[in-house]
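As structure tokens, the structure follows; a few thoughts come after it.
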Amino acid sequence: MLDKNYDAKSVEPRIAKAWDDANAFAAGAGAKPDADPFCIVIPPPNVTGSLHMGHALNNTLQDILTRYKRMLGQNVLWQPGMDHAGIATQMVVERKLAEEGKRRTDFTREEFVEKIWEWKAQSGGTIFNQLKRLGASCDWSREKFTMGEKGEADDPMVQAVMKVFVDLYNEGLIYRGKRLVNWDPHFETAISDLEVENVETEGHMWHFKYPLADGATYEYVEKDEDGTVTLRETRDYISIATTRPETMLGDGAVAVHTDDERYAPIVGKLCEIPVGPKEHRRLIPIITDEYPDPDFGSGAVKITGAHDFNDYMVAKRNNIPMYRLMDTKAAMRADGAPYAQDAARAMEIAKSGNTPDENTVDAINLIPDDLRGLDRYEAREKVIEQITSEGLAIMVPETDPRLGPVKAALAPEEGGEVSALVPLVEKNKMQQPYGDRSKVVIEPMLTDQWFCDAETLAKPALASVKEGRTEFVPKSWENTYFNWMENIQPWCISRQLWWGHRIPAWFDDAGKFYVAMHEAGAQAQAGEGVALKRDEDVLDTWFSSALWPFSTLGWPKHTDALNTYYPTTVLSTAFDIIFFWVARMMMMGLHFMKDEDGRGIEPFKTVYIHPLVRDKLGQKMSKSKGNGIDPLETADEYGTDALRFTLAIMAVQGRDVKLDPQRIAGYRNFGTKLWNATRFAQMNDVVTGEDFDPATATYPLNRWILTELGRAAAEVTDALERYRFNDAAGAAYRFVWNTFCDWHLELLKPVFNGDDEAAKAEARAVAGYVLDQIYALLHPFMPFMTEELWQQTAAKRDTLLCHADWPVAEVNDEAAAHSINWLIELVSEIRSARSEMNIKPSLMVPLVVANGDNETRALFDTHSPAIERLARVESIAFADSVPDGAAQIVVGGQTICMPLAGLVDFDAEISRLEKDLKGIEKDIAQAQGKLNNEKFVANAPQAVIEENQARLADRQDRKAKVSAALKRVRSFQRG
RNA sequence: GGACGAUUAGCUCAGCGGUAGAGCACUACAUUGACAUUGUAGGGGUCACUGGUUCAAUCCCAGUAUCGUCCACCA
């Protein structure tokens, strides 16, 4: 006999061990011979990670699919593994060192990397243990790590990365170059576009004068739309607006729009950057380009090619030198020659118009000596101060509307004096780029990096989805994918970190590099005796993640696993890594995995995008907000199965999951319900674990529940196949609680209490069979409790539940369904009438069937014990007319009475019948209206017309009976 | 600036051309019988708004409003 309560805490570890001991989740375990493969590669959690609700959701859904397919007998592999997560891991370990008062740079690179390996060995398994607690049925023996066992060069996981790099390089799809990249000054590394978050911040825009060289002047004319002159003055400067004054030091030109007439007179002339020691002020040319917007600011833009992406393009187009101003920490450069010397050098360049090669330019340090080494924001303040004090800021009255609401409020109210002049500093909302990990402002920086030609790789990846070889679920995400892939930029794959796959390129002293799988290969290319040094950089973490669907299966070796499980079946992930990961797996998979005809093979057939978990208010869960719900704490409190079931039933397509702990409690109750249903079965000697052929059942009740079971199983199956987890869980829930527990078990009670031994025997067998099927049906959602019930309710089982057969519909008996549904309706109607007429639940009432037809009599015959018990009926009689003083209900076209003179509240009965009648009349009016409408009859499908006709007939019949009932009650009350 | 999604019961959400559903919450009743982590019954909705298509619209189309998310952005 089961314990009174399900104790998740003691059951879960025991069941987990049973699975483990049986190797139940090994690739192909439980598969039927020649079964189709089914493979999911887990989105590898960060080695630093610990389980959060998003993991819990995604892995629960993957586990549901995996367990379901395994029970179907497919050849299943759920491939687990972890990601080395370059920046994130380095960050965690550095933080740990900081606690000991140490820094990364206190160690050599080798020592530091070793520390990370130590750390991984020590606590890297945390998240896997957490996933196991969740019940994740991965083949844990196949666990992989993106860096391999120990990061050794000959480790297959490392080899895969090296081979991909080398092959792509040799194909010209990876190249090296000096480009403007997003630079993270905190981690001192380049990052990709995707790792930059744009955050709207309150910024400022300063307006400065760039004086024309040699005191030149020009006529500055502004016109309105009609061409009327609104301003005409002689200027000896050009006005520039900037949000980043500190970058003025690296300006290479001032650009105006090609058609901007205001500046036409001075195009080609030189102007002076108004900062730095006067004697070394640099002159830069005024050029034209399509980029400046004449309507924004002054229409003139300073061009700082090394610190702004737009400027970079302009500078490249116009061969303008790009002067790098900052070091890796985004402090103003302190290296190189003294300012006087380099400034003079830059001056020559500007005058000559011949820009030297990029390395020569990069060596020039244009930071004035007093600003060298300053943080970029300190430098900004100084630059502003210097320019302003020199009188080169654009000055406006305090009332100028561009100064924003604060300044405008200071305007004199009584139109008196003209306000003082103040520097024009506009407040403006701007998007500021932040590093997604470091949370510091990203600096565009001109550096040497490795790039991957994503555009070329994206083309087949785009076609695969366009042509349906890989499908997104929900489909709407395909647009997101297309949009990004169609506008894809070169992918910066190098990182200036210590933790990661080191780039397989070796440099000689001249700076020439050789790309090869191993140093020996590079040496061979360079020639003997040439001193080589390996590139210090590592690869972007996502570079190795992109290989996950085939590297985990053994590629570049042609392993059995690779042959069997690639392409994988479905990838389940969150939308926010479609770009980071999904798109790149598509690119790499298609490029490196080819069929016999040389056509690329997609890494997965389906990409299921799961919803995001938010808190009950719809806020994203985050540590900083403190609104996170910890999945393991939740599992401790309610049981893992309750959490899993909640996540599944809330996982709707196309909408986020707002998780309210109350819901979890609700589904914990569902588990308890099933547990107790099993206890009830045990108390009544129900037999589980037997071979029972449902087709042999004869009693309507049994055939009905088998019919309902089949329908539920079909519904769950269909929903799972379509990744509609909420529908699947909901169908199972309704069947178990509302059909099996509420009705079937209740209807069994009179059978078990009766003395028809044959009926009892079949009822026991069927109930046992249904319970076994329920365990199976719920197993993917609630693996622990169902496995426990499966084992506890039978002395011996042939298999673990996780390898049992998935339920299929075996009985479909319309007649039995009709019979029991009539019974359910009758009982419900009687209960409802009793309740509304305030008949005490304890009171047993007599039932009189007036003018009952043969079918009705037969139904009463069959079901009288159930009716008596469930509706609390003391007797059932048949009569030719309705007795006086009776409550009356209409079920199946028959009037059924409860003669309860003296006990029935007739006012209540009248209002009940009136309400009933009103509803019926409304139905009649609607159906009648439709059927009287010629257009409806002419256009509506026959089935709909018939449905309305049937409804009308039924309601008219009901109306007659209910009206008659009402009439009788009224006359009885009067009489 | 572009794109996508949402708007249905008090709350959280399903549904989606053919008479509006669930869970929670709420109300009333039931107490030793598998289960109070329960049972029975009940109340509660112009399906955001405005047009259009249709015999028929919560559902399809167009527009509006509000909210959310993503992408791209102006020095």
Side-chain angles (χ1 to χ4, degrees), chain A residues 2 4-6 198 205-207 240-244 247 254-255 291-293 295-304 308-311 314 428 430-431 474 476-477 479-480 483-484 487 575-576 578-579 612 614 616-618 620 638 642 646 649-650 652 654-660 662-663 665-684 724 726-727 730 733-734 738 741-742 745-746 749 753 827-828 831-836 838 840-842 870 872 919 922-923 925-927 929-930 933-941 943-945 947-948 951:
Chain A
L2 291 177
K4 184 137 181 28
N5 281 306
Y6 172 66
N198 288 309
M205 194 155 73
W206 290 267
H207 294 251
I240 304 286
T242 180
T243 54
R244 306 208 47 201
T247 65
V254 167
Y291 163 64
D293 175 2
D295 297 326
F296 187 85
S298 67
V301 189
K302 67 192 213 52
I303 300 301
T304 320
D308 181 280
F309 285 96
N310 287 309
D311 292 6
V314 178
N428 69 339
M430 46 186 268
Q431 297 286 336
S476 56
W477 289 109
N479 284 328
T480 305
N483 189 34
W484 190 68
N487 299 298
F575 76 87
D576 51 355
I578 290 176
F579 305 147
L612 230 54
R614 297 172 180 278
K616 64 175 179 179
L617 301 172
K620 210 169 167 171
Y638 302 102
T646 307
I649 207 163
M650 296 192 74
V652 173
R655 194 176 228 187
D656 294 339
V657 170
K658 288 186 202 161
L659 191 62
D660 183 344
Q662 252 186 338
R663 289 293 290 262
Y667 295 115
R668 185 260 330 260
N669 297 354
F670 174 60
T672 308
K673 189 76 182 174
L674 176 63
W675 186 263
N676 281 301
T678 300
R679 290 185 73 225
F680 170 78
Q682 288 190 325
M683 288 171 189
N684 289 283
R724 309 205 40 130
N726 62 317
D727 288 339
Y733 179 96
R734 284 191 300 277
N738 303 125
C741 292
D742 287 350
L745 292 187
E746 291 304 322
K749 285 175 183 172
N753 293 338
V827 170
S828 299
R831 284 170 171 171
S832 179
R834 290 178 58 124
S835 167
E836 285 188 41
N838 303 316
K840 275 195 196 141
S842 56
L870 269 60
R872 304 196 62 74
K922 198 178 139 206
D923 284 358
Q926 274 185 12
K930 281 193 179 174
N933 181 342
E934 282 171 31
K935 286 184 173 172
F936 173 76
V937 178
N939 291 308
V944 175
I945 295 171
E947 191 190 322
N948 276 278
R951 185 180 297 137

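Below, chain A is the first sequence line, B the second, and so on; all start at residue 1. Keep in mind that this is a model prediction, so the values were computed, not measured.
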query = Contact class for R724(A) vs. all strands (heavy atom < 4.0 Å): base, sugar-phosphate, or nothing?
reply = sugar-phosphate

ask   = Do D308(A) and T247(A) have side chains that get closer than 4.5 Å, going by heavy atoms?
value = no

query = When the ring planes of Y667(A) and Y733(A) are compared, do they come out parallel, tilted or perpendicular, using 30° and 60° as the limits?
reply = perpendicular

note = Winner on side-chain proximity to A940(A), out of C55(B), A14(B), A75(B), is C55(B)

ask   = Reckon R668(A) touches a base, only the sugar-phosphate, or nothing at all at heavy-atom distances under 4.0 Å?
value = base

query = Does T672(A) have a side-chain nitrogen or oxygen under 4.0 Å from the phosphate oxygens OP1 or OP2 of U38(B)?
reply = no

task = Quickly work out the D656(A) CG to G5(B) P distance and round it to whole Å.
result = 14 Å

task = Let me know the distance between CZ of F309(A) and C1' of A75(B), rounded to the nearest Å.
result = 15 Å

inquiry  = Taking the minimum atom-to-atom distance to the side chain of R679(A), which one of A75(B), C35(B), G42(B) wins?
reply    = C35(B)

request  = Name the nucleic acid region contacted by R734(A), choosing base, sugar-phosphate or nothing; use a 4.0 angstrom heavy-atom cut-off, strictly under.
outcome  = nothing

request  = Quote, to the nearest angstrom, the P distance that separates G23(B) from C35(B).
outcome  = 22 Å

query = Quick one: does Q926(A) reach the base of A56(B) with a side-chain donor-acceptor pair under 3.5 Å?
reply = no

remark   = When rounded to the nearest 0.5 Å, the distance separating CZ of R244(A) from NZ of K302(A) is 8.0 Å

ask   = With sequence neighbours excluded, what pairs up with D576(A) under the salt bridge (charged side-chain N to carboxylate O under 4.0 Å, His left out) test?
value = none

request  = Locate the shortest heavy-atom distance separating L870(A) from E746(A); write the atom from each residue and the value.
outcome  = CD1-O, 3.6 Å

message = I need the single residue from N676(A), T678(A), N684(A) that forms a side chain to side chain contact (heavy atoms under 4.5 Å, CB included) with F680(A). Which is it?
response = N684(A)

message = If the test is side chain to side chain contact (heavy atoms under 4.5 Å, CB included), which one of L2(A), L674(A), N5(A) qualifies with R679(A)?
response = L2(A)

message = Within the 4.0 Å limit for protein heavy atoms, which parts of nucleotides 27-32 of chain B are touched? Write it as a string from 5' to 3', B for base, S for sugar-phosphate only, - for none.
response = --S---

inquiry  = Rounded at 0.5 Å granularity, tell me how far CG in L612(A) sits from CG in D656(A).
reply    = 5.0 Å

request  = Look at the side chain of N676(A) and decide which nucleotide, out of G23(B), A34(B), A75(B), has an atom nearest to it.
outcome  = A34(B)

inquiry  = Rounded to whole Å, how long is the line connecting atom CH2 of W675(A) with atom P of A36(B)?
reply    = 15 Å

query = Using the C1' atom in both, what is the distance from A57(B) to U50(B), to the nearest Å?
reply = 15 Å

message = Suppose you measure atom P in G18(B) against the same atom in C61(B); what distance do you get, rounded to whole Å?
response = 15 Å

message = Nearest whole Å is fine: how far is A75(B) P from Y291(A) OH?
response = 7 Å

message = Taking only the P atom of each, what is the distance from G68(B) to U12(B) in whole angstrom?
response = 15 Å

request  = Could you tell me which non-hydrogen atom of R872(A) sits nearest to which non-hydrogen atom of R834(A), and how far apart they are?
outcome  = O-NH1, 2.9 Å

message = Does V652(A) reach a base, just sugar-phosphate, or nothing at all? Heavy atoms under 4.0 Å.
response = sugar-phosphate

task = Give the nucleotide from the list G42(B), A34(B), C55(B) with an atom nearest to the side chain of N939(A).
result = C55(B)

ask   = Rounded to whole angstroms, how far apart are CG on L2(A) and P on A34(B)?
value = 14 Å

ask   = According to a 3.5 Å limit on both distances, what stems of 3 or more consecutive Watson-Crick or G-U pairs are formed with RNA chain B?
value = B:1-7 with B:65-71, B:10-13 with B:21-24, B:26-30 with B:38-42, B:48-52 with B:60-64

task = Could you state the atom-to-atom distance from CD1 of I578(A) to P of C71(B) in whole Å?
result = 11 Å

ask   = Taking all atoms of both residues into account, what is the closest heavy-atom pair of D311(A) and T304(A), and its distance?
value = OD2-N, 2.9 Å

message = Rounding to an integer number of angstrom, what distance separates C59(B) and A48(B) when you compare their P atoms?
response = 8 Å

ask   = 5'-most contact on RNA chain B: M650(A) or Y667(A), nearest heavy atom basis?
value = M650(A)

query = Among A14(B), C74(B), G23(B), which is the nearest nucleotide to the side chain of F296(A)?
reply = C74(B)

query = Is there a side-chain polar atom (N or O) of K658(A) under 4.0 Å from OP1 or OP2 of C11(B)?
reply = no

task = Using only side-chain N and O atoms of K4(A), determine if any of them is under 4.0 Å from OP1 or OP2 of U37(B).
result = no

request  = Indicate, with a heavy-atom threshold strictly under 4.0 Å, whether N479(A) touches base, sugar-phosphate, or nothing.
outcome  = nothing

inquiry  = Is K930(A) close enough to A56(B) that one of its side-chain N or O atoms is under 4.0 Å from OP1 or OP2 there?
reply    = no

query = Which heavy atom in M205(A) sits nearest to a heavy atom in A241(A), and how many Å separate them?
reply = CG-CB, 4.0 Å

query = Any idea which heavy atoms bring F936(A) and N948(A) closest together, and the distance?
reply = CZ-ND2, 3.8 Å

ask   = In whole angstroms, how far is the P atom of G21(B) from the CG atom of N726(A)?
value = 18 Å

inquiry  = Considering every strand and a 4.0 Å limit on heavy-atom distances, what is the contact class for A938(A): base, sugar-phosphate, or nothing?
reply    = nothing

ask   = How close or far is atom C1' of U37(B) from atom CG of L674(A), stated in whole angstroms?
value = 13 Å

message = Taking only side-chain N and O atoms of N669(A), does any of them lie within less than 4.0 angstrom of OP1 or OP2 on U38(B)?
response = yes

remark   = Among C74(B), A34(B), G42(B), the one nearest any side-chain atom of S832(A) is G42(B)

query = Expressed as a whole number of Å, how far does the P atom of U46(B) sit from that of G10(B)?
reply = 8 Å

query = How far, in whole Å, is U64(B) from G5(B) if one measures between their P atoms?
reply = 16 Å

ask   = Atom CZ in R734(A), atom CG in D727(A): separation rounded to 0.5 Å?
value = 7.5 Å

task = Consider the side chain of A241(A), meaning its heavy atoms from C-beta on, and name the nucleotide among A75(B), A41(B), A34(B) that approaches it most closely.
result = A75(B)

request  = Return the 5'-most residue of the pair G299(A), P941(A) with respect to RNA chain B, ranking by each residue's nearest nucleotide.
outcome  = P941(A)

ask   = Does C74(B) have OP1 or OP2 sitting under 4.0 Å from an N or O in the side chain of N310(A)?
value = yes

task = Quick one: label S476(A) by what it contacts on the DNA or RNA (base, sugar-phosphate, nothing), any heavy atom closer than 4.0 Å.
result = nothing

task = Can you tell me, in whole Å, how much space there is between the P of G17(B) and that of A72(B)?
result = 35 Å

